[in-house]
> 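My questions will all concern the structure given below.
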Amino acid sequence: EDVCASIDGVVVAANYNCPGQLVISGSIAAIDEACEKLTEIGARRALKLPVGGAFHSPLMEPARAELAEAIASTEFKTPICPIYQNVTANGVTDPEAIKENLIAQLTAPVKWTQTMQQMIADGCDSVVEVGPGKVLQGLFKKIDRTFATESAVYSV
């Protein structure tokens with residue numbers, strides 16, 4: 001975060017994946033400079049990922065405004081359990097707050113580590129990753145090796 005703040009350009013912390021793994025986002029020139037500085041101060045690795053945009057950064061503001069319109073016109077009902085949203089790292093049940101958080105997520109960092117820590121603090125004792133991979137399970141294990149995780153792939 002300090003390195004990003006020291007760069008003259010748009011580069012911000014975008015994904016707090018797990019302890020020791022932080023993804024940055026922003027303009028290409030600012031990311032290049034940040035990677036160089038991070039390596040200089042001892043980062044084991046600072047590499048550019050092939051992505052389609054500067055997600056979770058201020059550069060997504062035009063898309064955030066469009067998304068806000070779509071979400072505002074969508075009816076959300078009160079969920080039967082808390083929805084953990086990575087923009088706040090907290091469980092949310094208020095439909096209006098869920099909408100606001102979804103809109104904010106486009107330009108805000110993904111607080112994955114903080115979200116998983118909060119879920120554990122709130123009493124969650126296992127998770128199921130739905131989908132073809134195990135990336136999220138791996139990140140969870142880096143937060144708490146003893147935590148129960150499993151995969152589920154569903155076909156429709």
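Count residues from 1 along the sequence.
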> Ignoring hydrogens and angles, tell me if any N or O in the side chain of Ser126 forms a donor-acceptor pair with the backbone of Ala148 under 3.5 Å.
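No: the side chain of Ser126 does not pair with the backbone of Ala148.
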> Which heavy atom of Leu38 sits nearest a heavy atom of Ala46, and at what distance?
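Heavy atoms only, the tightest pair is CB-CB, 4.3 Å.
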> Using a distance-only test with no angle check, is there a side-chain donor-acceptor pair under 3.5 angstrom linking Tyr84 and Asp122?
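Tyr84 vs Asp122: donor-acceptor pair found between side chains.
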> Distance-only, no hydrogens or angles: does the Glu129 side chain make a donor-acceptor pair with backbone N or O of Gln137 under 3.5 Å?
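Side chain of Glu129 to backbone of Gln137, a donor-acceptor pair under 3.5 Å: yes, one is there.
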> Answer yes or no: is there a donor N or O on one side and an acceptor on the other, between the side chain of His56 and the main chain of Ala108, under 3.5 Å?
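Here the side-chain-to-backbone pair exists.
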> Please find the pair of heavy atoms, one from Leu59 and one from Gly26, that lie closest to each other, and give the distance.
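What the structure gives for the nearest pair is CD1-C, 3.6 Å.
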> Would you name the heavy atoms of Cys4 and Ile24 that are closest together and state the gap between them?
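Between these two residues, the closest heavy atoms are SG-CG2, 3.6 Å.
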> I need the Asn15 CG to Lys111 NZ distance, nearest 0.5 Å.
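It is 12.5 Å, given to the nearest 0.5 Å.
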> Should we count CD1 of Ile80 as having more than 12 external heavy atoms under 6.0 Å?
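Atom CD1 in Ile80 is not packed in, count stays at 12 or less.
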> Pick out which of Asn101, Ile98, Ile103 makes a side chain to side chain contact (heavy atoms under 4.5 Å, CB included) with Ile71.
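Among Asn101, Ile98, Ile103, the one that satisfies the side chain to side chain contact (heavy atoms under 4.5 Å, CB included) with Ile71 is Ile103.
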> If you apply the rule salt bridge (charged side-chain N to carboxylate O under 4.0 Å, His left out), what do you find for Lys37 with Glu40, and how did you get there?
CA-CA 5 Å; Lys37 282 187 175 185; Glu40 287 172 7; over 6 Å; no
> Which pair of heavy atoms, one from Met60 and one from Ala54, lies closest together, and at what distance?
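Taking Met60 first and Ala54 second, the nearest heavy atoms are CG-O, 3.0 Å.
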> Any side-chain heavy atom of Lys134 sitting closer than 4.5 Å to one from Thr149?
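No. Closest side-chain heavy atoms not under 4.5 Å.
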> So which heavy atom on Thr93 is nearest to which on Pro82, and how close?
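Distance-wise, the nearest heavy atoms are CG2-CA, 3.8 Å.
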> To the nearest 0.5 angstrom, please state how far the OG1 atom of Thr146 sits from the NZ atom of Lys141.
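It is 7.0 Å, given to the nearest 0.5 Å.
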> Verify the cluster assignment for Phe140 and Ile83: are they in a single hydrophobic cluster under the rule of side-chain heavy atoms below 4.5 Å apart?
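Different clusters.
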> Work out which heavy atom in Leu67 is nearest to a heavy atom in Leu102; give both atom names and the distance.
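Where Leu67 meets Leu102 most closely, the heavy atoms are CD2-O, 3.8 Å.
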> Please check: side-chain N/O of Thr113 versus main-chain N/O of Tyr16, any donor-acceptor pairing under 3.5 Å?
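Indeed, once roles are kept as given, a pair shorter than 3.5 Å links the two residues.
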